[in-house]
Protein chains: 2
Amino acid sequence: MDAVRPDMPTPPGRKPRRPAPARQPLTQDLIVETAVRVLDTEGLDAVTMRRVAQELGTGPASLYAHVSGKDELRELMLDRVAAEIRLPEPDPARWQEQLKELATEIRRVWTAHRDIAKVSMGGIPTGPHLLAVAEVQLELMRAGGVPPRIAGLAVDTLGMFIDADAIEDTIYTARTPPGEDPWEYFRGHFEEITAYFRALPADRFPNIVGMVDELTSPSGDERFQFGLDILVRGIASYVAPRDGD
Amino acid sequence: MDAVRPDMPTPPGRKPRRPAPARQPLTQDLIVETAVRVLDTEGLDAVTMRRVAQELGTGPASLYAHVSGKDELRELMLDRVAAEIRLPEPDPARWQEQLKELATEIRRVWTAHRDIAKVSMGGIPTGPHLLAVAEVQLELMRAGGVPPRIAGLAVDTLGMFIDADAIEDTIYTARTPPGEDPWEYFRGHFEEITAYFRALPADRFPNIVGMVDELTSPSGDERFQFGLDILVRGIASYVAPRDGD
DNA sequence: ACCTGAACACCGTTCAAGT
DNA sequence: ACCTGAACACCGTTCAAGT
């Protein structure tokens, strides 16, 4: 942005020593941004220290000046992605709907970034954006009259549910081999599983065989809303010793 | 078992060419058994094709005659572990309790085998023992009058919840560095997190700072029973249009 | 202070060659 | 049929050396 004047043509015979270095100086932000780009295009497994370094035109050792290691990089990626979660303005009258909307929003952001939910699953949130999400969840529940102990447990339980569902969701879509139509591939996988269940011995697995359609309906959204509904109703049931019902 | 006579002493000067091969012939069962032993002692990350092969006194290439690759090996490990889950004799009158007991039993078995739940999370159950567990869950709910569609969704949701909780649980215990007392290590980690939360800016995170104790209570069992209770009550609410209440 | 090359101790999987 | 050595194309992290 300082020495480069892209509006001027390169004078003849003036070749850069190395083919277009143009490298920005390494920063933590730049590393995390690059890592998220690799995540989005190729999935979490492709985000290796070496791959990120390569993308930045350097070697893996260079990253260690800005990031303590792979684990920290993954944590930083998660919090960067969490910044995309749109938080609601709490409206105490609508706390249950808002809690469900927020959960749906988190799931939307997670699934928009491949299998990033694997990083969230089973890690204590420490990044500022992740903490802001938890803060709003607590605020919604406290304003709705949920007792502190229950609200604390519920943040954990909701988080586990959202992460697990996002991971489950990406199993199908993310494992598509490159070059294949994701939906076509999914269809194939799906038929295979249905056929497998249908071929099971009916005497040992009468319920599974008899409920193949109910078990393999691929609607991830329906499963998510089902679980979310149950959880939020359950949380709400702790609001008062007995209200009007 | 055929050419070896262990009751006879080795004649003098008769040394085995290689130091005590004594190797059983490689079978899928032996490989899976060995892999689970490595899992139990060192965790899932330590279960590599090379490590399992080494444990069997051979090279990694030898395993590929009995197992298609690492993914299949992990699936086989999961189903072998699932064989330890004790299944109840369905008693329709107690279906809700039995469903909760079964979920608790699954969690017990998962956490007894380190982070095996990571394999379960987001994989469709196909092994015979895993299918037997799903079959009983469906049987319990169907006998309790849960509609098929709800029972199908509930098996998924319950499974996600159990896996997520088991993974969360092993975060603390399984990451203990070798040679350190797990509880001491956990204590330290825990104090660190509490201190971090307490030091957060109270104006941006009033609920988190104000609820540190509720948020960091380490009781995994309480969280599990809380979520389980909510889920099973939610499932039960679909039993009839309106019963006696 | 920041960056790097080279090295260390690992990975999963394939394949031609052996028995 | 089963097993193997060697190789291929990767890993995360460290460390002495450079600028």
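Residue numbers start from 1 in every chain, and the chains themselves are labelled A, B, ... in the order their sequence lines are given, proteins ahead of strands. Predicted, not measured: the structure shown is a model, and the values here were computed from it.
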**Between C1' of C/dC15 and OH of B/Tyr64, the distance in whole Å** = 13 Å
**Message:** On DNA chain D, does the nearest nucleotide to A/Lys70 precede the nearest nucleotide to B/Ala65 from the 5' side, or the other way round? Give the residue.
**Reply:** B/Ala65
**Asked** Does B/Thr58 have a side-chain nitrogen or oxygen under 4.0 Å from the phosphate oxygens OP1 or OP2 of D/dT4?
**Response** yes
**Request:** Mind checking A/Ser62 for me? I need base, sugar-phosphate or nothing, with any heavy atom below 4.0 Å counting as a touch.
**Result:** base
**Comparing A/Arg50 and A/Leu63 on DNA chain C - which has the more 5′ nearest nucleotide** = A/Leu63
**Asked** Between A/Asp115 and A/Thr170, does any side-chain donor sit less than 3.5 Å from a side-chain acceptor?
**Response** no
**Message:** Whether the A/Glu84 and A/His129 side chains hold a donor-acceptor pair (N or O, under 3.5 Å, no angle test) is what I'd like checked.
**Reply:** no
**Message:** So B/Ala61, base contact, sugar-phosphate only, or nothing? Heavy-atom distance under 4.0 Å.
**Reply:** base
**Message:** Could you tell me how far apart A/Met49 (CE) and C/dC8 (P) are, to the nearest whole angstrom?
**Reply:** 21 Å
**Between P of C/dC2 and NE2 of A/His66, the distance in whole Å** = 6 Å
**Item:** Verdict with supporting geometry, B/Leu76 and B/Gln28, side chain to side chain contact (heavy atoms under 4.5 Å, CB included)
**Value:** CA-CA 9 Å; B/Leu76 290 166; B/Gln28 194 182 75; 3.6 Å; yes
**Request:** Take atom C1' in C/dC10 and the same atom in D/dA9, then report the distance between them in whole Å.
**Result:** 13 Å
**Asked** Within the distance-only criterion (no hydrogens, no angle test), does the side chain of B/Asp79 pair as donor or acceptor with the backbone N or O of B/Leu130 below 3.5 angstrom?
**Response** yes
